[in-house]
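Only one structure is covered here, and it is reproduced in the block below.
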Amino acid sequence: MKNIYSNIFPFNEKTLNKSVANLKKGSVMGLPTETVYGLAGNAYSKKSVNKIYKLKKRPKFNPLIVHYFKSKSAENDVIFNENFFKLYKKFCPGPITFVLKKRKKSKINSSVTSGLDTVAIRFPSHRIVRSILKKINFPLAMPSANLSMSISPVSAWDVADEFRKNIKLIINGGKSKIGIESTVIDLTAKPKILRPGIIGPEIINRVLKTSIAKKNFKIKSPGMLKKHYSPGIPILLNQKTFNKQHAFITLGNKYKNYKNCFNLSQKSDLKEAASNLYKTFRKIKKRGFKKIYVAKIPNLGPGIAINDRLKRAAN
Ligand code: TXA
Ligand code: MG
């Protein structure tokens with residue numbers, strides 16, 4: 001794709017140093033992660049955090065995730081526990097976010113946590129964000145790099161589409177491999193999944209040797225608005241038929257000859273389907289469809305996270 005945006009940069013020594021310098025002086029920027037692209041700023045700086053909320057038009061009651069290079073860097077900000085260490089050892093760095101109790105002496109700006117006494121922390125695995133985190137001595141507050149209520153971005157161009165000229169620096173790290181946001185798990189009491197993701201309840205149960213709820217998640221994240229991730233047009237779920245005027249999102253290869261069919265995975269692979277979901281929403285919107293029909297998606301493995309996002313997009 002041609003780079004028509006002047007704010008998208010490749011990753012190299014020069015842009016690494018530029019990113020670090022910008023973050024240090026309080027700027028915010030677009031960064032790739034393995035899940036979705038993020039809008040990053042210094043989590044200890046009031047100025048940076050305010051910029052993030054303002055740019056995203058995000059309500060102040062919706063807290064941000066704080067990103068670190070490794071667990072040691074977070075020890076002065078949160079209180080670890082046994083469940084945290086088990087999951088950290090198994091999945092980090094990777095697409096999982098832990099809600100933990102915030103330490104009194106923590107330097108995290110109070111807007112990041114929307115005044116809560118807990119913090120959501122994550123250790124992203126993408127090499128670009130890791131090489132930046134390694135060079136700074138503060139963690140990054142980093143929500144998905146989209147306007148509040150819009151679709152999470154999975155490429156540098158998606159980020160540029162969301163914010164246009166309002167951000168000066170976006171690092172291009174290719175398409176986000178996972179393509180949906182991290183699993184959010186509350187570890188402050190009995191473990192509870194607040195936002196399903198590619199790391200599902202089955203494997204978490206195996207690691208923790210407990211049983212967390214499989215579905216019907218009671219959403220208690222303050223920002224888990226019922227309507228979210230929305231492409232801004234009506235979406236009808238569990239559809240068996242469709243017509244030519246509307247976009248149809250499906251799995252498998254049954255409808256491959258129809259121009260208005262958008263296949264999340266020819267092989268019906270749910271992990272691949274999850275990685276294509278947001279990209280597909282954007283494609284459909286750009287083509288000008290007025291309505292989206294969606295076939296039934298099996299509610300297992302990554303399908304749980306896909307259905308969670310679809311339900312909220314349809315709300
Ligand atoms: O994959 C991801 O997690 C991406 C990448 C960029 O790291 N980030 C992301 O951030 O999805 P955001 O801001 O779009 O979603 C953060 C979610 C929200 O639903 C928020 O309510 C929840 O995490 N959250 C943050 N802090 C929390 C807390 N202290 N307690 C409960 N939920 C929290
Ligand atoms: Mg988001």
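For ligands, and for the atoms within them, numbers begin at 1 and follow the listed sequence. What's counted below: heavy atoms across the whole structure, side chains too, no hydrogens, waters or symmetry copies.
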*asked:* Checking the N or O distance criterion of under 3.5 Å, is ligand 1 in contact with Y37?
replied: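 It does not: no N or O of Y37 is found under 3.5 Å from an N or O of ligand 1.
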
*Answer yes or no: does an N/O atom from S144 fall short of 3.5 Å to an N/O atom of ligand 1?*
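Yes, S144 has an N/O under 3.5 Å of an N/O on ligand 1.
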
In ligand 1, which numbered atoms sit nearer than 4.0 Å to a non-hydrogen atom of [X]?
| X | value |
| --- | --- |
| S182 | 1 (O), 2 (C), 3 (O) |
| M142 | 6 (C), 8 (N), 10 (O) |
| P143 | 10 (O), 12 (P), 13 (O) |
| A120 | 25 (C), 26 (N), 27 (C), 29 (N) |
| E181 | 1 (O), 11 (O) |
| G38 | 6 (C) |

*Supply the atom-to-atom distance L147 CG to S150 OG, rounded to the nearest 0.5 angstrom.*
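That separation rounds to 6.0 Å.
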
_Gap between atom CD1 of I79 and atom CZ of R103 - 0.5 Å precision_ =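 R103 atom CZ to I79 atom CD1 measures 5.0 Å (nearest 0.5 Å).
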
Examine [X] together with [Y] and report whether their ring centres are nearer than 6.0 Å.
| X | Y | result |
| --- | --- | --- |
| F80 | F85 | yes |
| F98 | F84 | yes |
| F248 | F242 | yes |

Answer with side chain, backbone, both or neither: which part of [X] has a heavy atom less than 4.0 angstrom from an atom of ligand 1?
| X | value |
| --- | --- |
| T118 | both |
| N62 | side chain |
| E34 | neither |

*So which heavy atom on T33 is nearest to which on M142, and how close?*
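In this case the closest contact between T33 and M142 is CG2-CE, 3.7 Å.
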
*Identify which of L64, V99, I178 has a heavy atom lying nearest to atom 30 (N) of ligand 1.*
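Ranked by closest heavy atom to atom 30 (N) of ligand 1, first place is V99.
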
_Lys/Arg N to Asp/Glu carboxylate O, E75 vs K105, below 4.0 Å_ =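 No.
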
*With K283 as the cation and F262 as the aromatic partner, state whether NZ or CZ is under 6.0 Å from the six-membered ring centre and within 45° of the axis.*
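Relative to the ring axis of F262, which defines the angle, K283 lies outside at least one limit.
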
*Answer yes or no for T113: is there a heavy-atom contact with ligand 1 below 4.0 Å?*
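For ligand 1, residue contact (heavy atoms, under 4.0 Å) with T113 is absent.
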
*For ligand 1, is there an atom lying under 4.0 Å from some heavy atom of H67?*
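H67: in contact with ligand 1 (<4.0 Å).
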
*Flag S152 as yes if one of its N/O/S atoms falls below 2.8 Å of the Mg ion (ligand 2), otherwise no.*
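So S152 does not bind the Mg ion (ligand 2) by this criterion.
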
_Closer than 3.5 angstrom, by distance alone: can the side chain of N260 be matched with the main-chain N or O of K244 as a donor-acceptor pair?_
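Yes: the side chain of N260 pairs with the backbone of K244.
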
*Side chains of I292 and P234: does their closest heavy-atom pair fall under 4.5 Å?*
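No; the side chains remain at least 4.5 Å from each other.
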
